[in-house]
Enquirer: 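Have a look at this one.
All ligand and atom numbering here is 1-based and tracks the order in the structure.
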Amino acid sequence: MAPSKVMAVVKADAYGHGLVDMARAASEADCDFLGVLDIETGLKLRNAGIETPAFAWLHSPNSDFAGAVRMGIDLSAGSLSELELIARAPGRAQVHLKIDTGLSRNGCRPELWEAFTERALELEKAGEIDVVAVWSHLSGTSDEEDSLAIQKFEVAVAQAERFGFKGYRHIASSPAAFAISESRYEMVRIGVSAFGTSPIAGLAASELDLGIPMKVTAEVIADGVISIGFLHGYFSNLEGLARVEINGKLYLVNRIGPLASTIDPGDYEVGDTVIVFGTEGELAPTAESLCELVGTVTDELFTGLKANLTSYSN
Ligand SMILES: *Cc1c(COP(=O)(O)O)cnc(C)c1O
């Protein structure tokens with residue numbers, strides 16, 4: 001993504017991988033920012049001693065803006081009322097102004113943008129806040145919509161510049177960051193693809209050089225029975241569709257129960273390792289291919305998994 005900076009998004013417990021460990025790993029890998037979704041998550045990282053710049057964008061009027069400013073967490077503002085609440089927090093909040101470029105998800109609508117940015121830059125001059133960025137989110141539903149959103153974004157940035165905005169810009173999450181180089185601007189926000197899954201349908205993670213994806217294993221616990229079920233987050237509608245790998249062979253999963261599932265008979269014994277999904281290039285399915293079978297995205301699989309699978313084996 002260079003020369004753009006990278007924000008590693010660690011929402012939803014870092015997509016089920018463990019917030020603090022993943023935030024630390026991202027910081028050690030020189031990610032410039034951590035995307036934390038809400039202030040509470042940002043404060044958890046600060047309390048764990050992680051000092052990497054962090055950005056929170058989902059607030060309620062009751063959010064702890066004062067805590068965020070005190071602990072150095074950058075804040076999104078998407079409306080005048082949110083901006084005023086943030087500016088009232090003691091200290092100098094670092095604010096990213098959000099323009100709605102079509103997604104209609106907590107950003108400032110274009111017709112209100114001028115008054116909003118004028119006020120934000122006035123608050124900056126008064127020393128209440130720093131306006132560090134203008135940002136938005138792309139829907140990724142189609143190339144046309146994304147390029148229209150990028151045009152709207154540029155108009156919004158130009159308007160803010162007329163009031164003295166000198167900060168940076170960010171709009172791309174994983175799909176755009178990989179597919180649309182003009183969308184990278186000064187920073188990209190990388191979520192699920194930081195965990196090794198391709199954000200682009202039809203393009204394998206290895207083709208994007210995405211590192212090591214999550215690998216989930218279980219165990220053979222009786223003849224034809226493996227130690228993973230839907231309570232662990234293995235989707236029950238994968239029944240009759242998914243395969244698992246044991247000793248270099250694939251086996252169809254016939255029935256998915258709460259704590260265990262049954263598979264076709266074959267060449268394995270109790271105690272053998274079952275690869276539920278894993279690294280590309282192996283026989284086992286990838287997270288993407290499993291999700292494709294049931295029409296969902298890897299975010300849902302990852303965030304639904306319980307980390308300590310084996311402790312449930314019966
Ligand atoms: C979740 C999220 C991201 C990361 O999205 P991916 O497509 O997983 O990279 C980036 N920005 C915002 C605002 C998000 O909510």
Side-chain angles (χ1 to χ4, degrees), residues 1 4-17 19 22-23 25-26 29 31-42 45 52-60 63 73-79 82 95-108 132-143 145-146 149-150 152-153 156 168-181 183-203 205 208-211 213-214 287-288 291 296-305:
M1 297 298 158
S4 304
K5 291 183 173 196
V6 172
M7 177 187 294
V9 176
V10 291
K11 68 186 178 202
D13 197 29
Y15 296 81
H17 291 67
L19 171 70
M22 291 302 115
C31 281
D32 304 278
F33 252 92
L34 297 167
V36 293
L37 185 74
D38 52 23
I39 292 171
E40 222 180 319
T41 307
L45 294 184
T52 310
F55 175 56
W57 61 89
L58 193 74
H59 320 304
S60 87
S63 293
I73 297 164
D74 287 22
L75 297 169
S76 171
S79 68
E82 202 164 66
V95 179
H96 302 222
L97 304 177
K98 186 170 190 194
I99 173 76
D100 179 358
T101 49
L103 204 57
S104 306
R105 233 205 262 162
N106 64 36
C108 178
V132 296
V134 168
W135 80 289
S136 189
H137 197 59
L138 290 171
S139 70
T141 46
S142 72
D143 291 351
E145 271 182 44
D146 282 351
I150 288 172
K152 289 184 189 166
F153 184 62
Y168 59 93
R169 304 160 291 177
H170 54 102
I171 190 168
S173 61
S174 300
F178 283 96
I180 314 172
S181 56
S183 75
R184 291 178 192 158
Y185 297 105
E186 287 74 45
M187 185 160 71
V188 295
R189 305 185 306 268
I190 303 295
V192 75
S193 55
F195 301 92
T197 64
S198 169
I200 298 167
L203 206 58
L208 297 170
D209 203 12
L210 282 180
M214 182 195 274
E288 290 101 316
C291 289
T296 187
V297 289
T298 49
D299 311 40
E300 187 177 351
L301 179 64
F302 289 170
T303 53
L305 285 168

Enquirer: Can you name the atoms of ligand 1, numbered from 1 with element, that are less than 4.0 Å from a heavy atom of V192?
Expert: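 Listed by number with element, the hits are 6 (P), 8 (O), 9 (O).
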
Enquirer: Look only at the side chain of S174 and the backbone of I190, and say whether a donor-acceptor pair between them is shorter than 3.5 Å.
Expert: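 Side chain of S174 to backbone of I190: no pair is present.
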
Enquirer: Give the contacting part of F55 toward ligand 1: side chain, backbone, both or neither, where contact means a heavy-atom distance below 4.0 Å.
Expert: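 For F55, there is no contact with ligand 1 at all, from either part.
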
Enquirer: Of all the non-hydrogen atoms in the protein, which one sits nearest to atom 5 (O) of ligand 1, and at what distance?
Expert: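 Of the protein heavy atoms, S173 CB, 3.5 Å lies nearest.
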
Enquirer: Does the side chain of Y168 reach to within under 4.5 Å of the side chain of K5, using non-hydrogen atoms?
Expert: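 A side-chain contact is absent here, since even the closest heavy-atom pair is not under 4.5 Å.
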
Enquirer: Please give me the minimum heavy-atom distance between V9 and Y15, naming the atom from each residue.
Expert: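 Answer, listing the atom of V9 first, then Y15: O-CE1, 3.5 Å.
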
Enquirer: Does the ring center of H170 lie less than 6.0 Å from the ring center of F55?
Expert: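 Yes - the distance between ring centres of H170 and F55 falls below the 6.0 Å cut-off.
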
Enquirer: Taking the side chain from H17 and the backbone from F302, do they hold a donor-acceptor pair closer than 3.5 Å?
Expert: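 Not at all, since once roles are kept as given, no pair shorter than 3.5 Å links the two residues.
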
Enquirer: What do you reckon, does D299 have a nitrogen or oxygen under 3.5 Å from a nitrogen or oxygen of ligand 1?
Expert: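 Between D299 and ligand 1 (N or O atoms, distance only) the closest approach is not under 3.5 Å.
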
Enquirer: Quick check: closest heavy atoms across I99 and C108, and the distance to 0.1 Å?
Expert: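 Between these two residues, the closest heavy atoms are CD1-O, 3.4 Å.
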
Enquirer: Tell me, please: is P175 in heavy-atom contact with ligand 1, that is, under 4.0 Å?
Expert: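 Contact check P175 vs ligand 1: positive.
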
Enquirer: Within ligand 1, which atoms have a heavy atom of W57 less than 4.0 Å away?
Expert: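 Atoms satisfying the 4.0 Å criterion: 12 (C), 13 (C), 14 (C), 15 (O).
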
Enquirer: Do other residues, nucleotides or ligands put more than 12 heavy atoms under 6.0 Å from the CD atom of E40?
Expert: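 12 or below, so no.
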
Enquirer: Would you mind checking which non-hydrogen protein atom is closest to atom 12 (C) of ligand 1, with the distance to 0.1 Å?
Expert: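 Going by distance alone, atom 12 (C) of ligand 1 is nearest to H137 CE1, 3.5 Å.
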
Enquirer: Side chain, backbone, both or neither: which part of L37 has a heavy atom under 4.0 Å from ligand 1?
Expert: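 Within the 4.0 Å criterion, L37 makes no contact with ligand 1.
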
Enquirer: Ligand 1 versus F178, non-hydrogen atoms closer than 4.0 Å: side chain, backbone, both, neither?
Expert: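 Within the 4.0 Å criterion, F178 makes no contact with ligand 1.
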
Enquirer: Counting non-hydrogen protein atoms only, what is the nearest one to atom 9 (O) of ligand 1? Give residue, atom name and distance.
Expert: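 So the nearest neighbour among protein heavy atoms is S174 OG, 2.4 Å.
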
Enquirer: For L45 and A23, which heavy atoms make the closest approach, and how far apart are they?
Expert: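 The pair with the smallest heavy-atom distance is CD2-CB, 3.6 Å.
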
Enquirer: Heavy-atom contacts under 4.0 Å between R189 and ligand 1: side chain, backbone, both, or neither?
Expert: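 Answer for R189: both.
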
Enquirer: Is the shortest distance from a heavy atom of F195 to ligand 1 less than 4.0 Å?
Expert: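 No heavy atom of F195 comes that close to ligand 1.
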
Enquirer: Might you point out which heavy atoms bring L34 and M7 nearest each other, and give the distance in Å?
Expert: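 Closest approach of L34 to M7, heavy atoms only: C-CG, 3.8 Å.
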
Enquirer: Report the member of K11, K98, M7, H170 with the shortest heavy-atom distance to atom 14 (C) of ligand 1.
Expert: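 Heavy atom nearest to atom 14 (C) of ligand 1 belongs to K11.
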
